[in-house]
Amino acid sequence: MLESLHISNYALIDRVDITFHPGLNIITGETGAGKSIMLGALSLLLGARADTKAVRDKDMKSVIEASFTVGDCDRTLKQYCLANDIEWDDVRCILRREITPAGRSRAFINDSPVPLNRLSDVAMRLIDIHSQHQNQLLSQGDFQLKVLDTLAHNSGRMSTFASRYQALREALKKLKSMKLKIQQTRDDEEFTRFQLEQLDRMNLRAGEQEELERDRDVAENITTLKENLEAASNALSEGTVNIMDLLTEVTDAVAELEDILDEKEQIGSRLDNIRIELQDIADTIADTDRNLAGDPGDLDRIDQRLNDIYAMERKHRVESVNELIEIRERLRDRLETLEDADLTLADLEKDARRAMALAKETAQELTVARKEAAKGLEEQIITRATPLGMKNLRCEIKVDATDMSSTGCDAIDFTFAFNKNQPLLPVGNSASGGEISRLMLSLKAILAHKMSLPSIIFDEVDTGVSGDVANRMGLMMSEISGSIQVIAITHLPQVAAKGTSHFKVYKEDDDTSTHTRITELNASQRVGEIALMLSGNPSDPTALAAARTLLDGGADTKS
């Protein structure tokens with residue numbers, strides 16, 4: 001549940017700290033006192049857009065922080081946090097959002113920075129803010145479907161269907177892609193064969209271009225290369241004066257100096273090693289010189305082959321032989337695809353039919369469960385809403401077949417009639433604002449036992465009702481609070497009297513500005529506040545007596 005809420009430097013609020021309680025928490029206050037400001041601040045934790053105009057002191061940041069006890073929360077919340085590397089505490093979850101005067105927004109979960117969408121995802125698993133604006137959800141198919149699935153316990157079936165529906169989409173995508181590929185290949189078959197034959201005739205080898213370019217460099221510089229090889233060979237061993245002859249002289253001279261040279265230096269042995277290494281170098285150079293042919297036709301042959309390769313690369317808009325080889329193999333694969341086209345398409349069509357059958361199987365299970373839940377919900381809505389001033393209410397929830405989508409094969413439509421002889425119509429075409437409010441409250445009461453949310457806020461959902469209907473709406477909120485924490489913002493004394501705790505929002509002026517404050521009322525203060533709501537005068541004896549009567553009735557109800 002929502003344990004505490006801290007708001008600082010936001011709109012008319014310099015600092016507010018509220019500790020909420022289990023059960024039904026009532027918030028009252030005059031219009032304009034700041035109830036909507038607090039709700040707007042809490043909405044920021046749910047991902048609402050941050051407005052820099054709401055930052056009260058432009059030298060400080062605005063901070064909104066909510067602490068939730070999570071001991072009894074749905075375990076999927078913990079799984080979600082751990083899966084997204086969000087620090088988790090089995091006792092408490094603290095959500096915080098900060099807004100700088102410059103408009104920069106930062107989000108935190110348990111003091112760890114997170115993206116705003118992560119904060120919103122977690123917050124929506126912890127609290128539901130239900131306002132008059134949200135009443136319009138009742139006319140939307142997605143919301144109606146979600147209600148039925150919640151009552152039908154369809155989460156497991158929906159998970160299975162989502163997996164099978166995705167597999168179906170992938171199977172159909174593969175089939176469509178292969179059909180298109182085969183058709184394109186058939187259309188281009190003649191040209192594809194022509195291109196492949198050209199590439200096959202070239203008999204390309206990986207790395208051939210680089211090898212030819214090196215050979216061309218050699219052929220173009222054959223004279224200079226042979227001159228350098230000859231010079232190196234002469235200097236080493238073939239010239240009139242060469243290194244090998246001089247090294248022999250050195251070796252002979254050292255042999256005569258054995259008596260005076262230190263044996264540890266191994267001069268003779270080292271000279272032998274040098275002579276062997278130099279001889280090997282000389283032999284290598286001589287072999288290279290002999291193998292370096294000077295046939296003028298070599299350069300023409302190399303240039304012609306390279307020109308053919310370059311032309312083919314330009315044609316296919318690539319820069320290497322390896323890329324040409326890849327193109328050659330792709331062309332070959334296309335033609336091979338044609339040879340096996342019928343078998344390939346048959347296999348893919350079989351996969352698609354199998355995927356469709358599995359998806360339809362689960363979709364049918366969803367349909368059966370939804371229709372059963374719809375019948376039960378019709379009865380429950382009438383039972384819940386009739387005492388709220390809708391004695392002629394009729395309800396029919398239609399579950400009609402439609403094309404398969406990500407939610408199954410069902411189109412949901414909640415239809416209502418509120419008066420005798422009135423035809424059943426979609427709720428958006430038949431209900432007034434007050435009637436929609438009462439229907440939504442009835443739905444919330446029905447769903448309270450099914451919801452995994454620990455807290456819900458009702459923001460003046462009782463607007464437009466009074467008298468006995470208001471009293472019954474208060475009783476319904478009180479009943480819901482037996483399953484989940486309820487926070488109700490109300491102007492109705494009948495609803496306020498049903499609370500297990502009561503907070504008042506008010507404005508307070510100092511010398512320079514106006515501030516929004518909130519305080520928790522004790523028993524005597526509650527009597528005065530409800531008397532004020534009844535008559536406008538918290539000291540009126542008749543209003544005070546009526547307030548005590550209302551509170552006594554609320555206490556009896558809670559007990």
Side-chain angles (χ1 to χ4, degrees), residues 2-21 23-45 48 54 56 62 64 66 127-134 437 441 455-466 470-471 473-474 477-478 481 485-510 513-540 543-544 546-548 550-551 554:
L2 177 59
E3 186 177 48
S4 63
L5 177 64
H6 165 85
I7 306 170
S8 60
N9 196 36
Y10 182 79
L12 294 179
I13 298 174
D14 53 357
R15 182 185 179 95
V16 159
D17 289 284
I18 316 168
T19 299
F20 292 102
H21 308 285
L24 177 56
N25 295 259
I26 296 294
I27 298 178
T28 60
E30 295 181 2
T31 300
K35 300 186 297 297
S36 61
I37 293 175
M38 286 190 292
L39 202 60
L42 189 57
S43 296
L44 290 172
L45 298 178
R56 180 183 177 92
S62 291
I64 297 90
I127 193 165
D128 173 29
I129 299 179
H130 184 80
S131 63
Q132 295 181 63
H133 172 71
Q134 282 189 311
S437 292
L441 183 59
S455 303
I456 185 170
I457 296 178
F458 290 115
D459 179 24
E460 300 184 3
V461 295
D462 47 19
T463 298
V465 300
S466 59
N471 183 64
M473 291 185 76
M477 291 184 196
S478 178
S481 72
Q485 181 194 48
V486 176
I487 300 170
I489 299 173
T490 183
H491 286 290
L492 298 180
Q494 297 94 327
V495 174
K498 303 298 185 292
T500 52
S501 55
H502 191 153
F503 300 84
K504 180 174 182 177
V505 179
Y506 61 97
K507 286 182 179 178
E508 184 178 75
D509 294 335
D510 59 23
S513 58
T514 299
H515 307 270
T516 289
R517 309 291 191 201
I518 185 168
T519 186
E520 184 173 359
L521 304 180
N522 59 30
S524 62
Q525 290 171 329
R526 287 192 72 185
V527 174
E529 175 66 10
I530 292 177
L532 176 66
M533 297 171 73
L534 284 166
S535 69
N537 182 359
S539 302
D540 179 65
L544 288 169
R548 292 189 185 95
L550 283 175
L551 286 166

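- Residues A547 and A531 share a closest heavy-atom pair of CB-N, 3.7 Å.
- Nearest heavy-atom pair, A66 versus L5, reported as atom, atom and distance to 0.1 Å: CB-CD1, 4.1 Å.
- Smallest separation of non-hydrogen atoms from S62 and A54: OG-O, 4.3 Å.
- When side chains are defined from C-beta on, R526 does not count as touching S524, because their heavy atoms never get closer than 4.5 Å.
- Atom CD of residue E30 and atom NZ of residue K35 lie 8.5 Å apart, to the nearest 0.5 angstrom.
- Proximity of V495 to M477: side-chain heavy atoms (C-beta onward) are separated by under 4.5 Å at one or more points.
- Put simply, the side chain of E460 reaches to within 4.5 Å of the side chain of H491, judged on heavy atoms.
- To the nearest 0.5 Å, the span separating OG1 on T19 from NE2 on H6 amounts to 12.5 Å.
- Counting heavy atoms from C-beta outward, R517 and V505 have side chains that stay 4.5 Å or more apart.
- Taking CD1 from I13 and OG from S8, the interatomic distance works out to 9.5 Å, rounded to the nearest 0.5 Å.
- Summarising the geometry, atom CG belonging to L2 is positioned 5.5 Å from atom CD belonging to Q485; distances are rounded to the nearest 0.5 Å.
- Proximity of P493 to L550: side-chain heavy atoms (C-beta onward) are separated by under 4.5 Å at one or more points.
- The heavy-atom pair separating I37 from A11 by the smallest distance is CG2-CB, 3.7 Å.
- Legend: residues meeting salt bridge (charged side-chain N to carboxylate O under 4.0 Å, His left out) with D540, ordered by chain and number and at least two apart, are absent.
- Here the shortest heavy-atom pairing between T516 and V16 reads O-CG2, 3.7 Å.
- Here T514 pairs with D509 under the side-chain hydrogen bond (donor to acceptor under 3.5 Å, both in side chains) rule; sequence neighbours left out.
- Using a 4.5 Å heavy-atom cutoff, the side chains of I129 and S43 are in contact.
- Rounding to the nearest 0.5 Å gives a distance of 10.0 Å between CE of M38 and CD1 of I457.
- F503 is listed as a side-chain neighbour of N25, based on a closest heavy-atom distance under 4.5 Å.
- Rounding to the nearest 0.5 angstrom, the gap separating the CG atom in D459 from the OG atom in S36 is 8.0 Å.
- Taking 4.5 Å as the limit, some side-chain heavy atom of L39 sits within range of a side-chain heavy atom of I489.
- Scanning for side-chain hydrogen bond (donor to acceptor under 3.5 Å, both in side chains) contacts around E520 gives H21, with sequence neighbours left out.
- Residues Y10 and G40 approach most closely at OH-C, 3.8 Å, considering heavy atoms.
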